[in-house]
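So the structure is just underneath, and the comments pick up after that.
All figures in this text were calculated on a predicted structure; none of them were measured in a lab.
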Amino acid sequence: MSDADTAPQEAGAALGQRLSTAVVLFHEAVGQRLGLRALDHRALGLIDREGPLTAGALAELTGLTPGAVTGLVDRLSALGYVTRVPDPADRRRVLVSVAPRARTDLSDAFSGLSRAMGDLMARYDAAELAAITDYVTNAIDILHAEARRLAPPPRRPRGVLGGPPHEAGHAAGGGRRLAGGKGRGGDGGGG
(Lines give C-alpha, C1' and ligand atoms only; values in the text may rest on other atoms or scores of the structure.)
Protein backbone atom coordinates (compact mmCIF):
# COMPACT_ATOMS: atom_id res chain seq x y z
CA MET A 1 0.00 0.00 0.00
CA SER A 2 1.13 3.52 -0.70
CA ASP A 3 1.26 6.30 1.86
CA ALA A 4 -1.90 7.73 0.29
CA ASP A 5 -3.69 4.41 0.93
CA THR A 6 -2.60 4.08 4.56
CA ALA A 7 -3.03 7.74 5.52
CA PRO A 8 -6.83 7.51 6.07
CA GLN A 9 -6.42 4.29 8.09
CA GLU A 10 -3.71 5.81 10.27
CA ALA A 11 -5.71 9.02 10.73
CA GLY A 12 -8.81 6.99 11.61
CA ALA A 13 -6.87 4.87 14.12
CA ALA A 14 -5.36 7.96 15.76
CA LEU A 15 -8.74 9.70 15.91
CA GLY A 16 -10.35 6.54 17.33
CA GLN A 17 -7.69 6.34 20.05
CA ARG A 18 -8.19 9.99 20.98
CA LEU A 19 -11.98 9.52 21.11
CA SER A 20 -11.65 6.35 23.18
CA THR A 21 -9.35 8.06 25.67
CA ALA A 22 -11.68 11.06 25.97
CA VAL A 23 -14.70 8.78 26.55
CA VAL A 24 -12.86 6.77 29.21
CA LEU A 25 -11.67 9.94 30.98
CA PHE A 26 -15.19 11.38 30.88
CA HIS A 27 -16.67 8.23 32.39
CA GLU A 28 -13.96 8.15 35.06
CA ALA A 29 -14.91 11.73 35.97
CA VAL A 30 -18.62 10.84 36.11
CA GLY A 31 -17.80 7.80 38.24
CA GLN A 32 -15.79 9.94 40.66
CA ARG A 33 -18.60 12.48 40.86
CA LEU A 34 -21.08 9.71 41.71
CA GLY A 35 -18.68 7.92 44.05
CA LEU A 36 -18.49 4.92 41.69
CA ARG A 37 -15.92 3.09 39.65
CA ALA A 38 -16.25 3.76 35.92
CA LEU A 39 -17.45 0.17 35.39
CA ASP A 40 -20.09 0.53 38.11
CA HIS A 41 -21.48 3.70 36.61
CA ARG A 42 -21.51 2.17 33.10
CA ALA A 43 -23.40 -0.83 34.52
CA LEU A 44 -25.79 1.59 36.20
CA GLY A 45 -26.40 3.16 32.78
CA LEU A 46 -27.11 -0.29 31.31
CA ILE A 47 -29.57 -1.06 34.09
CA ASP A 48 -31.23 2.30 33.47
CA ARG A 49 -31.53 1.74 29.69
CA GLU A 50 -32.23 -2.00 29.60
CA GLY A 51 -33.69 -2.73 33.04
CA PRO A 52 -34.96 -3.96 35.21
CA LEU A 53 -32.48 -6.81 34.74
CA THR A 54 -31.68 -10.10 36.38
CA ALA A 55 -28.12 -10.54 37.60
CA GLY A 56 -27.62 -13.08 34.79
CA ALA A 57 -28.75 -10.60 32.15
CA LEU A 58 -26.45 -7.94 33.62
CA ALA A 59 -23.56 -10.44 33.56
CA GLU A 60 -24.28 -11.16 29.90
CA LEU A 61 -24.46 -7.46 28.97
CA THR A 62 -21.27 -6.53 30.83
CA GLY A 63 -19.24 -9.69 30.27
CA LEU A 64 -18.70 -9.99 34.02
CA THR A 65 -18.88 -13.22 35.99
CA PRO A 66 -21.95 -13.79 38.18
CA GLY A 67 -19.80 -13.25 41.29
CA ALA A 68 -18.50 -9.93 39.97
CA VAL A 69 -22.06 -8.84 39.16
CA THR A 70 -23.13 -9.66 42.72
CA GLY A 71 -20.36 -7.40 44.05
CA LEU A 72 -21.26 -4.66 41.58
CA VAL A 73 -24.96 -4.78 42.52
CA ASP A 74 -24.04 -4.83 46.22
CA ARG A 75 -21.96 -1.65 45.76
CA LEU A 76 -24.69 0.12 43.77
CA SER A 77 -27.33 -0.94 46.29
CA ALA A 78 -25.27 0.23 49.28
CA LEU A 79 -25.05 3.69 47.67
CA GLY A 80 -28.79 3.76 46.99
CA TYR A 81 -28.44 3.65 43.20
CA VAL A 82 -30.28 0.36 42.57
CA THR A 83 -32.97 -1.72 44.20
CA ARG A 84 -33.53 -5.45 44.17
CA VAL A 85 -37.10 -6.68 43.82
CA PRO A 86 -38.53 -10.17 43.32
CA ASP A 87 -39.27 -10.98 39.69
CA PRO A 88 -43.07 -11.17 39.40
CA ALA A 89 -42.72 -13.82 36.66
CA ASP A 90 -40.41 -16.04 38.77
CA ARG A 91 -40.24 -15.33 42.50
CA ARG A 92 -36.93 -17.25 42.73
CA ARG A 93 -35.21 -14.53 40.71
CA VAL A 94 -34.43 -10.97 41.65
CA LEU A 95 -34.62 -7.98 39.33
CA VAL A 96 -32.23 -5.07 39.66
CA SER A 97 -33.62 -1.65 38.77
CA VAL A 98 -32.38 1.91 39.01
CA ALA A 99 -33.48 3.87 42.06
CA PRO A 100 -34.93 7.38 41.52
CA ARG A 101 -31.86 8.94 43.17
CA ALA A 102 -29.61 7.42 40.51
CA ARG A 103 -31.66 8.91 37.68
CA THR A 104 -31.32 12.36 39.24
CA ASP A 105 -27.57 11.97 39.81
CA LEU A 106 -26.99 10.59 36.29
CA SER A 107 -29.08 13.37 34.77
CA ASP A 108 -27.05 15.99 36.65
CA ALA A 109 -23.74 14.40 35.60
CA PHE A 110 -24.69 14.08 31.91
CA SER A 111 -26.65 17.31 31.43
CA GLY A 112 -23.64 19.33 30.24
CA LEU A 113 -22.55 16.61 27.81
CA SER A 114 -26.08 16.20 26.45
CA ARG A 115 -26.40 19.94 25.85
CA ALA A 116 -22.96 20.20 24.19
CA MET A 117 -23.55 17.16 21.98
CA GLY A 118 -26.94 18.57 20.91
CA ASP A 119 -25.25 21.85 19.97
CA LEU A 120 -22.55 19.97 18.06
CA MET A 121 -25.05 17.89 16.09
CA ALA A 122 -27.05 21.00 15.17
CA ARG A 123 -24.05 22.20 13.11
CA TYR A 124 -24.49 19.40 10.54
CA ASP A 125 -26.99 18.94 7.71
CA ALA A 126 -29.03 15.76 7.16
CA ALA A 127 -26.47 14.13 4.82
CA GLU A 128 -23.61 14.82 7.22
CA LEU A 129 -25.66 13.51 10.15
CA ALA A 130 -26.37 10.32 8.18
CA ALA A 131 -22.63 9.83 7.58
CA ILE A 132 -21.84 10.52 11.25
CA THR A 133 -24.57 8.10 12.37
CA ASP A 134 -23.26 5.43 10.00
CA TYR A 135 -19.69 5.90 11.27
CA VAL A 136 -20.62 5.85 14.96
CA THR A 137 -22.97 2.86 14.57
CA ASN A 138 -20.28 0.86 12.76
CA ALA A 139 -17.66 1.92 15.32
CA ILE A 140 -19.93 0.63 18.12
CA ASP A 141 -20.36 -2.69 16.29
CA ILE A 142 -16.57 -2.98 15.89
CA LEU A 143 -16.03 -2.22 19.59
CA HIS A 144 -18.56 -4.89 20.62
CA ALA A 145 -16.93 -7.43 18.31
CA GLU A 146 -13.46 -6.62 19.63
CA ALA A 147 -14.67 -6.83 23.25
CA ARG A 148 -16.06 -10.32 22.51
CA ARG A 149 -12.80 -11.31 20.81
CA LEU A 150 -10.74 -10.17 23.79
CA ALA A 151 -13.01 -11.70 26.44
CA PRO A 152 -11.82 -14.90 28.09
CA PRO A 153 -13.43 -18.08 26.78
CA PRO A 154 -16.45 -19.31 28.74
CA ARG A 155 -15.76 -21.83 31.47
CA ARG A 156 -16.52 -25.49 30.80
CA PRO A 157 -19.57 -26.65 32.70
CA ARG A 158 -18.80 -28.78 35.72
CA GLY A 159 -20.25 -32.24 36.26
CA VAL A 160 -21.80 -33.86 39.32
CA LEU A 161 -20.35 -32.50 42.57
CA GLY A 162 -18.16 -30.02 40.72
CA GLY A 163 -16.03 -32.58 38.86
CA PRO A 164 -15.48 -32.62 35.11
CA PRO A 165 -18.52 -33.75 33.14
CA HIS A 166 -18.56 -37.36 31.96
CA GLU A 167 -18.70 -38.05 28.24
CA ALA A 168 -22.07 -39.81 28.35
CA GLY A 169 -23.17 -38.21 31.62
CA HIS A 170 -23.89 -41.65 33.13
CA ALA A 171 -21.91 -44.66 34.27
CA ALA A 172 -21.85 -47.94 32.33
CA GLY A 173 -24.92 -49.55 33.92
CA GLY A 174 -27.15 -46.51 33.37
CA GLY A 175 -26.81 -45.26 36.97
CA ARG A 176 -25.49 -41.78 37.64
CA ARG A 177 -21.82 -41.67 38.62
CA LEU A 178 -21.35 -40.28 42.11
CA ALA A 179 -18.33 -39.00 44.03
CA GLY A 180 -15.43 -41.45 44.09
CA GLY A 181 -16.51 -43.06 40.81
CA LYS A 182 -19.23 -45.13 42.48
CA GLY A 183 -22.51 -45.73 40.71
CA ARG A 184 -25.81 -45.82 42.52
CA GLY A 185 -25.20 -49.44 43.50
CA GLY A 186 -22.00 -48.46 45.34
CA ASP A 187 -19.76 -50.96 43.49
CA GLY A 188 -18.38 -48.55 40.93
CA GLY A 189 -20.11 -50.48 38.16
CA GLY A 190 -22.95 -48.06 37.78
CA GLY A 191 -25.60 -50.57 38.80
Side-chain angles (χ1 to χ4, degrees), residues 1 4-77 79 81-83 95-155:
M1 272 194 205
D5 293 334
T6 61
Q9 289 177 330
E10 290 172 2
L15 191 58
Q17 288 173 346
R18 286 181 55 207
L19 176 61
S20 176
T21 299
V23 168
V24 168
L25 292 174
F26 172 77
H27 287 292
E28 285 290 339
V30 170
Q32 287 177 359
R33 172 124 182 227
L34 299 177
L36 301 171
R37 301 175 192 177
L39 173 64
D40 293 357
H41 113 71
R42 296 306 304 145
L44 182 60
L46 280 171
I47 297 165
D48 190 34
R49 274 192 315 280
E50 307 289 332
L53 297 171
T54 63
L58 186 56
E60 191 173 308
L61 286 170
T62 60
L64 296 173
T65 65
V69 166
T70 298
L72 181 146
V73 172
D74 286 347
R75 288 188 300 275
L76 292 174
S77 180
L79 292 168
Y81 285 128
V82 298
T83 59
L95 295 174
V96 179
S97 44
V98 172
R101 171 191 172 196
R103 285 198 172 91
T104 301
D105 289 356
L106 285 169
S107 178
D108 290 347
F110 282 91
S111 64
L113 177 66
S114 295
R115 197 170 29 260
M117 293 303 288
D119 292 346
L120 175 63
M121 297 301 276
R123 295 179 2 196
Y124 298 98
D125 66 30
E128 292 168 324
L129 286 173
I132 292 167
T133 299
D134 179 67
Y135 174 83
V136 171
T137 301
N138 284 300
I140 291 167
D141 291 344
I142 289 167
L143 288 167
H144 284 300
E146 286 300 300
R148 285 189 303 275
R149 183 184 68 82
L150 294 171
R155 291 184 185 170

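When atom types are taken as modelled, the side chain of H41 and the backbone of H27 share a donor-acceptor pair closer than 3.5 angstrom. In this structure a side-chain-to-backbone donor-acceptor pair under 3.5 Å is missing from T21 to R18. Checking side-chain atoms of E10 against main-chain N and O of A7 turns up no donor-acceptor pair under 3.5 Å. The backbone N or O of L129 sits less than 3.5 Å from a side-chain atom of T133, completing a donor-acceptor pair. In this structure a side-chain-to-backbone donor-acceptor pair under 3.5 Å is present from T62 to L58. In this structure, D48 contributes its side chain and L44 its backbone to no donor-acceptor pair below 3.5 Å.
For R33, the CZ atom counts as loosely surrounded, since its 6.0 Å shell holds 12 or fewer non-hydrogen atoms of other residues, nucleotides or ligands. Atom CD of E128 has more than 12 neighbouring heavy atoms from other residues, nucleotides or ligands inside a 6.0 Å radius.
For the pair D119 and R115, the salt-bridge criterion is not met [side-chain N within less than 4.0 Å of a carboxylate O].
By the 4.5 Å heavy-atom criterion applied to side chains, T54 and L95 are counted as neighbours. Within the 4.5 Å cutoff, side-chain heavy atoms of L72 are placed close to those of R75. Between L39 and L64 there is a side-chain heavy-atom pair separated by less than 4.5 Å.
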- Query: Could you walk me through whether L76 and D40 pass the side chain to side chain contact (heavy atoms under 4.5 Å, CB included) check?
  - Reply: CA-CA 7 Å; L76 292 174; D40 293 357; 4.2 Å; yes
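Summarising the geometry, atom CG belonging to L34 is positioned 8.5 Å from atom CZ belonging to R101; distances are rounded to the nearest 0.5 Å. A distance of 10.0 Å separates CG of L113 from CG of L120, quoted to the nearest 0.5 Å. In this structure, CD in E60 is found 12.0 Å from CG in L46, a value given to the nearest 0.5 Å.
Closest non-hydrogen pair, V69 versus A55, comes out as CG1-O, 3.7 Å. When all heavy atoms of G35 and L79 are compared, the pair lying nearest together is O-CD1, 3.7 Å. Closest non-hydrogen pair, I47 versus L53, comes out as CA-CD1, 4.0 Å. Between R103 and V98, the shortest heavy-atom distance links the atoms NH1-O, 3.4 Å. Taking all atoms of both residues into account, the shortest heavy-atom contact from V30 to A109 is CG1-CB, 4.0 Å. Between V82 and S77 the shortest heavy-atom distance is CG2-N, 3.5 Å.
Y81 and D105 are linked by a side-chain donor-acceptor pair at a separation below 3.5 angstrom, with hydrogens and angles left out of the test.
Ring orientation note: the planes of F26 and F110 are nearly perpendicular, at an angle over 60° on the 30°/60° scale.
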